[in-house]
Structure formats: C-alpha cells, structure tokens
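Below is one structure, written out as structure tokens; comments come after it.
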Amino acid sequence: MIKKLNARNIDAKECFYGHKACGGCGESLALRLALKVLGEEAYLSLPAGCMAAVSFIYPNMAFKNNAVITPFASTAAVATGIAAGLEALGKEAPLSVGFAGDGGTADIGIQSLSGAIDRGEKFIYICTDNEAYMNTGIQKSGLTPFGAATTTTPAGKAIHGCVTEKKNMFEIAAAHGITYAATASIGYPEDFLNKVQKAKECDGPAYIHIYTPCPTGWGHGSKITVDLAKEVVDTGLWFLAEYEDGEFRLNRKPGDFKPVADHLKRQARFRHLSDEEISQIEVMRDRKWEKMLKNWG
Amino acid sequence: MSEFAFLNGNEAVAWGVRLSRPHVIAAYPITPQTKAVEKLSSFVQNGEMDCKYLHVESEHSAMACSIGSSSVGARTFTATSSQGLLYMSEGLPYASGARLPIVMMNANRSIATPWNIYGDQMDAMHVINSGWVQLFVEDAQEALDMVIQSFKLAENHDILTPVMINVDGFVLTHTYEKVDIPGQELVDSFLPAIEKAPHLMNDQDPMSLCISAGNQHYMEFKIKQHRDMFKVFEQLERIDRDFEKSFGRSHGGAADGYRNEDADVILVTTGSVTGTARVVVDSLREKGIKAGLVKLRLLRPFPSDDLYELIGKASAVGILDKNISFGFEGTVYTNVNSSLLQKGYRGRTFNFIAGLGGRDITKENIEEMFSALLEQKGETVQYFNMGCAL
C-alpha cells in the first residue's frame with residue numbers, strides 16, 4: 001500500500017532551489033513539489049525551455065539531483081537512455097524522470113515520448129503545461145487553448161487569438177497502453193504529490209500532465225498562480241484524472257462549475273474574448289465533460 | 001583464441017562492438033548500416049552479448065539515448081548513415097560538448113536529393129564540425145579493430161570525445177572479406193571496463209550536464225574542447241602500438257603513407273578507395289613512375305604535421321574527395337590544401353572529385369589522376385568518371 005502524502009508528512013528537503021524562474025512560476029513549483037516525492041536519487045532530463053534556462057546557468061546549478069539538458073525533442077529518449085545506462089551498470093531500480101513543457105511534450109518531443117513509452121521501460125515523464133512557448137516569448141504550442149492570445153496568435157482584428165483546441169496529451173499517452181498516466185494541477189498539490197508517488201512506484205512508463213500557470217505569459221499577478229490552477233479545475237476547464245490498469249478514472253467530478261468568465265478575465269491572454277467566445281469555450285468544456293463522464297465515469 | 005571468419009564490413013563492426021562489451025546500444029536501421037544493427041540485435045537476442053539494446057524510433061532518439069546512457073558512465077554504441085546522421089546531427093555537439101565517449105559507426109552514404117542509397121562521404125563531411133573524432137577505415141579488419149581502439153580512445157580521460165568510425169557504404173559494409181576475430185580474453189585485457197569520468201552523473205556527487213554557459217564562459221569551454229581534440233593524435237598512436245603488441249597487427253596513427261618516401265606525386269585518400277589506389281601505385285612504380293599514397297585515417301582532428309611529413313617534397317599532390325562542398329570544392333581538399341599551405345608546401349595541389357552516389361572509382365580513374373599530377377595539367381578541381389557532358 002502506497003503511503004498517502006499530504007502537507008504534514010511530505011519531505012522537508014528541497015532539491016530545486018536558487019533557480020532564476022520568475023516570481024509565481026507554476027512550472028518551478030511543480031518541479032519542486034515533484035522532487036520532494038521523487039527524492040534526490042532521481043536522475044532528471046529537461047529539454048531547452050524555461051526550467052532548463054533557469055536551472056543550469058554555469059556555474060550556478062539549481063538541482064540537487066543529477067540532471068541534464070537534453071536536445072529539445074529528446075526528453076523521453078535521454079531519460080530512457082539514462083535508465084538503460086544505470087540498469088546496465090547494475091544500479092537497482094534506477095529512477096529516471098523527464099520534465100518538459102507543453103511544446104517540448106506535445107509538439108517537438110512527442111515522437112521520442114511515444115517511442116519511449118512504446119519500449120515499455122520504467123521512466124517517469126512529467127509535462128509541465130503552461131499552454132505556450134514561454135521561454136522563447138509566449139508563442140502558441142499544441143497545448144495552447146482556444147481563444148488564448150500569444151505572440152504568434154495575437155488577439156488580432158481578423159483572428160481573435162488561438163483558433164485550435166488543446167491536444168489531448170493525457171489521452172495520447174494513455175492510448176499507448178502506458179502503465180500509469182494522470183493529469184494534475186498545482187492548484188491541487190496533494191493530488192499531484194500522490195500521483196507522482198504512484199508514478200514512482202509503478203512498474204513501467206508513467207506520464208503526468210500538470211497544469212502550471214505562467215504569470216509572465218498569461219498576464220496575471222504572481223500571487224494568484226496557485227489560485228488560478230485551482231480555479232481552472234473548479235471551472236471544468238481542466239480535469240483531474242488517471243489512467244491505470246487500462247482504465248480511465250475521474251478524480252474530481254464537480255457538480256456545478258464555477259463561472260468561466262471570471263476565471264478567464266483574470267488573465268490578460270483572455271481579456272479580449274467576447275461573451276460569445278466565452279460561451280463557445282463553455283460549450284467545448286461541456287462537450288468534453290459529457291464524453292469524460294460517459295466514458296470514464 | 002582468435003578465429004578467422006568471412007565477414008562483411010557491417011558484421012565486422014558488429015563483432016568489434018560485441019568484443020568491446022558495451023553496456024548500451026541504441027540504434028535505428030538505415031541502409032547500408034542495417035546489417036550491423038541486425039547482427040548486434042541477434043547477438044543480444046541470443047544471449048551472446050550482455051547489454052541493453054534500445055529499439056528507438058529515430059536516429060534523433062538513438063543519439064539522445066546514447067547521450068543519456070553515456071552521461072551516467074555506460075559504454076555506449078550507436079550506428080547510422082546518411083540522412084540518419086543528419087537527423088541525429090542536433091545531438092552530436094551535445095555529446096561532444098558534454099565530453100561523452102560514445103562510439104558510432106557511420107556507414108558512409110550519399111545525401112538526398114536526388115535520393116541515392118549508395119556510398120560517398122557527403123554525410124561525414126556534413127558533420128565535420130560537430131566535435132566528434134572522424135576516423136575513416138579502409139577494410140573490414142580495420143573496421144573491427146578500430147571499434148575496439150575507438151572505445152579506448154574516446155574513454156581516455158584526457159580525450160573524452162565521441163568517435164565516429166566511417167565505413168564506406170556497400171564497398172565496405174556489404175563486401176565480404178577474411179577477418180580475424182580476436183578472442184574475448186585478449187580484447188578484455190586490451191580494453192578494460194570503462195572508468196567513469198568525474199564530470200559524469202553519479203550517485204555520490206550529483207552533476208548537472210549539458211549546462212548553459214553565458215558569453216563570459218562559453219568560449220573557454222569550446223577552446224578547451226578544441227585543444228583536447230589535438231591530444232587524439234598521441235593517444236591514437238599509443239593505443240595502436242599497444243594494439244599491435246596484443247593483436248599482432250597495426251593500423252597506424254592519424255595518417256599512413258604508402259611508397260611515399262621518394263614519391264614525386266602523391267594521392268591523398270580516405271576510406272576504401274585507398275585499396276584501389278595502392279594497386280595503382282604499385283603498377284605505376286613498376287613503370288618507374290615515382291607515385292605514392294597518403295591515407296588520411298583522421299579528418300578530425302586534422303593531422304597537419306603528419307601529413308606534411310608524409311607528403312614531404314612531392315612536386316604535386318592530388319586529393320581524392322568523395323564529396324563536394326557545393327559552391328566551393330571537396331572538403332578533404334580544403335583541409336589538406338590549407339594545412340599544406342600553412343606548412344609552406346611549394347608543390348601544386350589538385351582536387352579530384354569522384355565516386356559520388358556510389359559511382360565506381362576505377363583503377364583507370366586513379367591512373368588518370370596520377371597523370372594529371374605528373375603533367376600538372378588542367379583545372380585545380382577535376383571530376384572523374386562522368387557519365388555525360390554537362
């Protein structure tokens with residue numbers, strides 16, 4: 001039986017500190033929390049992106065763990081290479097973990113992630129999703145949601161922000177028949193910690209997709225990062241779920257959703273949205289929930 | 001106990017890898033390298049090799065997995081060719097910059113387009129600035145032996161640089177030769193277990209690898225890497241001398257001369273065409289023509305001193321290139337010509353471009369090259385065995 005983690009029994013040790021991330025950075029919080037569960041024995045792979053940029057600036061290294069910056073497309077491949085190397089050298093139960101953002105996961109890194117899951121090796125992949133390429137200056141990624149303004153999908157006169165919906169990375173990972181997959185949000189840290197714990201214990205590849213607001217990219221106050229990450233689940237715009245033993249499971253089924261408009265308007269990237277567009281987002285949300293409740297109930 | 005076998009170049013490489021006992025192999029199949037990875041897979045599947053074989057989904061991931069496994073201190077091998085090498089080329093400077101002693105076989109092949117699977121050396125030249133040692137072999141025996149030597153070279157803590165062993169596509173990869181497969185015990189005593197370099201990831205003293213360095217540090221990292229590359233010459237020669245003591249055969253250092261001591265005209269070659277050129281040199285010598293040959297075994301680091309010593313006072317030097325740097329000339333020529341100029345060489349140099357996309361380089365072609373050198377006639381850059389007028 002896996003011990004349930006909470007604020008009282010979580011490890012006080014820090015493995016990620018002194019980094020140069022922006023105030024209120026959701027991604028760095030996700031890493032910090034995950035490493036409390038994974039421990040300093042985990043070997044980390046991170047591609048080019050904010051977390052690599054803020055943690056590996058010679059000579060100031062921010063990880064207590066062994067860690068490597070990977071070629072952008074290669075988080076999962078490097079992570080499995082590390083696992084294979086450690087195993088071949090005789091290390092018992094090596095723990096190799098990849099952390100990549102939404103672009104590094106859903107766009108450029110999806111092939112190596114797919115290949116690595118397919119090989120069935122034991123490794124953990126955590127996608128820290130802030131819904132755009134933040135390190136290069138807030139450009140659209142495959143996980144940018146409908147309506148969001150980015151520097152490559154600005155709120156123009158002809159086209160009003162991002163016109164595509166988020167890629168279903170969680171379901172794509174699950175469709176491989178992965179051993180364990182989950183979604184999470186830094187707004188629900190206990191849920192996240194326990195999912196990381198499950199991923200650590202499971203015998204095979206594991207994927208966790210965590211929602212991590214970005215004050216700089218989204219245009220919100222750094223104090224409300226965690227609040228937004230909680231609200232997004234309560235409004236139904238993000239969901240907490242797991243895929244285990246071939247089955248999907250919803251961890252939270254909100255009875256009534258909190259109003260979407262209030263949540264969106266707290267972020268500069270959505271401020272241009274018309275009432276009609278906000279209604280459109282609600283329709284998309286409801287359609288998604290209808291499917292999830294029907295299929296994963 | 002060593003044994004003789006009839007092997008093609010790919011199989012010879014696979015045997016070299018098997019005897020080197022790597023911890024991890026990550027590879028993706030590509031013609032004409034496929035037989036090498038198939039053979040290695042069968043060694044692993046049959047329990048004849050105790051190593052982790054990662055069936056990756058692309059060459060990009062083959063290099064990435066190799067970076068991962070090498071970064072924790074595992075002896076790592078991969079193999080590729082042509083477009084595959086280009087596809088993994090993003091990872092090459094990661095590996096060399098992080099000083100990871102990965103060994104890779106590259107089955108030399110043309111580059112698209114037009115599409116062509118046959119052998120030339122455009123692929124290797126494409127990545128010549130990637131920070132990898134670039135070694136070219138002449139036959140299957142040298143290919144097998146150089147895998148073993150390359151691990152020893154790459155893993156030397158003064159070097160810590162990945163090595164690319166270039167094996168000419170089809171001419172070497174698919175041609176069968178009699179090859180001496182050394183006994184495992186002999187190889188074990190020559191190539192001990194990999195000794196983990198202090199900068200690699202480890203449990204006792206965790207490391208951050210492939211770090212970023214600002215403009216106040218970046219240049220020093222690169223110059224250090226550059227300077228360490230020059231140490232390859234001395235180490236390769238030492239390794240080859242030791243190899244000869246154990247195995248009874250030698251392949252030399254960075255460059256190798258053949259009947260070059262008193263030669264008037266010298267042809268510089270890389271890889272498999274050297275064998276044909278030797279035959280031509282012999283026949284010209286029989287006619288009283290003072291022809292000689294220099295085989296470049298290393299293109300990176302580039303052996304300027306050795307080259308000048310071997311070429312000496314020849315009145316003309318021809319450089320045979322199985323590649324073109326479009327809009328300029330053959331890449332080997334650029335390197336040799338620059339190096340000779342710096343050394344004060346006073347003879348003429350010619351660039352002979354031949355064998356692109358697997359086009360034959362015949363003995364007659366090489367005789368023509370020597371004629372051009374003897375008469376010192378024609379353009380500086382000349383093309384051989386053209387099928388039609390352009």
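Side chains included, hydrogens not; waters and symmetry mates left out as well; all remaining heavy atoms used. Letters go in sequence order (proteins before strands), and every chain restarts at 1.
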> Without hydrogens or angle criteria, can the side chains of A:Asp102 and A:Ser141 be said to hold a donor-acceptor pair below 3.5 Å?
Replying inline: yes
> Under a 4.5 Å heavy-atom cut-off, does chain A meet the side chain of B:Ser71, its backbone, both or neither?
Replying inline: side chain
>> Within the 3.5 Å criterion, strictly below it, is a donor on A:Thr136 or A:Gln139 matched to an acceptor on the partner's side chain?
In response: yes
> What residue in A:Pro71, A:Ser74, A:Pro59 has the most heavy-atom pairs under 4.5 Å with chain B?
Replying inline: A:Pro71
>> Is it the case that over 12 heavy atoms from other parts of the model lie below 6.0 angstrom from the NE2 atom of B:His157?
In response: yes
> Relative to chain B, which segment of A:Lys64 carries a heavy atom at a distance below 4.5 Å: side chain, backbone, both, or neither?
Replying inline: backbone
>> Using a strict threshold of under 4.0 Å (side-chain N to carboxylate O), is an ion pair present between B:Lys52 and A:Glu87?
In response: yes
>> Does any backbone or side-chain atom of B:Ala26 lie under 4.5 Å from a heavy atom of chain A? Answer side chain, backbone, both or neither.
In response: neither
> Between the side chains of A:Asp129 and A:His209, does any donor sit under 3.5 Å from an acceptor?
Replying inline: yes
> Any chance the side chains of B:Asn202 and A:Asn66 put a donor and an acceptor closer than 3.5 Å?
Replying inline: no
>> I'd like to know which of B:Pro206, B:Gly214, B:Ala74, B:Cys51 tops the heavy-atom pair count under 4.5 Å against chain A.
In response: B:Pro206
>> Please find the pair of heavy atoms, one from A:Cys25 and one from A:Met51, that lie closest to each other, and give the distance.
In response: SG-CE, 3.8 Å
>> Using a 4.5 angstrom heavy-atom cutoff, name the option from B:Leu54, B:Ile67, B:Asp50, B:Thr76 with the most pairs to chain A.
In response: B:Leu54
>> Counting only non-hydrogen atoms closer than 4.5 Å, does A:Thr70 touch chain B with its backbone (N, CA, C, O), its side chain (CB onward), both, or neither?
In response: backbone
>> If I measure from the heavy atoms of chain A, does B:Phe221 come under 4.5 Å with its side chain, its backbone, both, or neither?
In response: side chain
> Given the options B:Ser61, B:Ser66, B:Ala98, B:Ser208, which has more heavy-atom pairs under 4.5 Å with chain A than any of the others?
Replying inline: B:Ser208
>> For chain B, which candidate among A:Pro94, A:Gly85, A:Ala116, A:Ala48 shows the most heavy-atom pairs at distances under 4.5 Å?
In response: A:Gly85
> Top residue by heavy-atom pair count (under 4.5 Å) with chain A, among B:Glu57, B:His217, B:His60, B:Arg75?
Replying inline: B:Glu57
> Side chain, backbone, both or neither: which part of A:Glu121 has a heavy atom under 4.5 Å from chain B?
Replying inline: side chain
>> I'd like to know whether B:Gln225 forms a side-chain hydrogen bond (donor to acceptor under 3.5 Å, both in side chains) with B:Lys222, so could you lay out the CA-CA distance, the side-chain angles of the two residues, the decisive distance to 0.1 Å, and finally the verdict.
In response: CA-CA 5 Å; B:Gln225 187 184 345; B:Lys222 289 290 143 191; 3.0 Å; yes
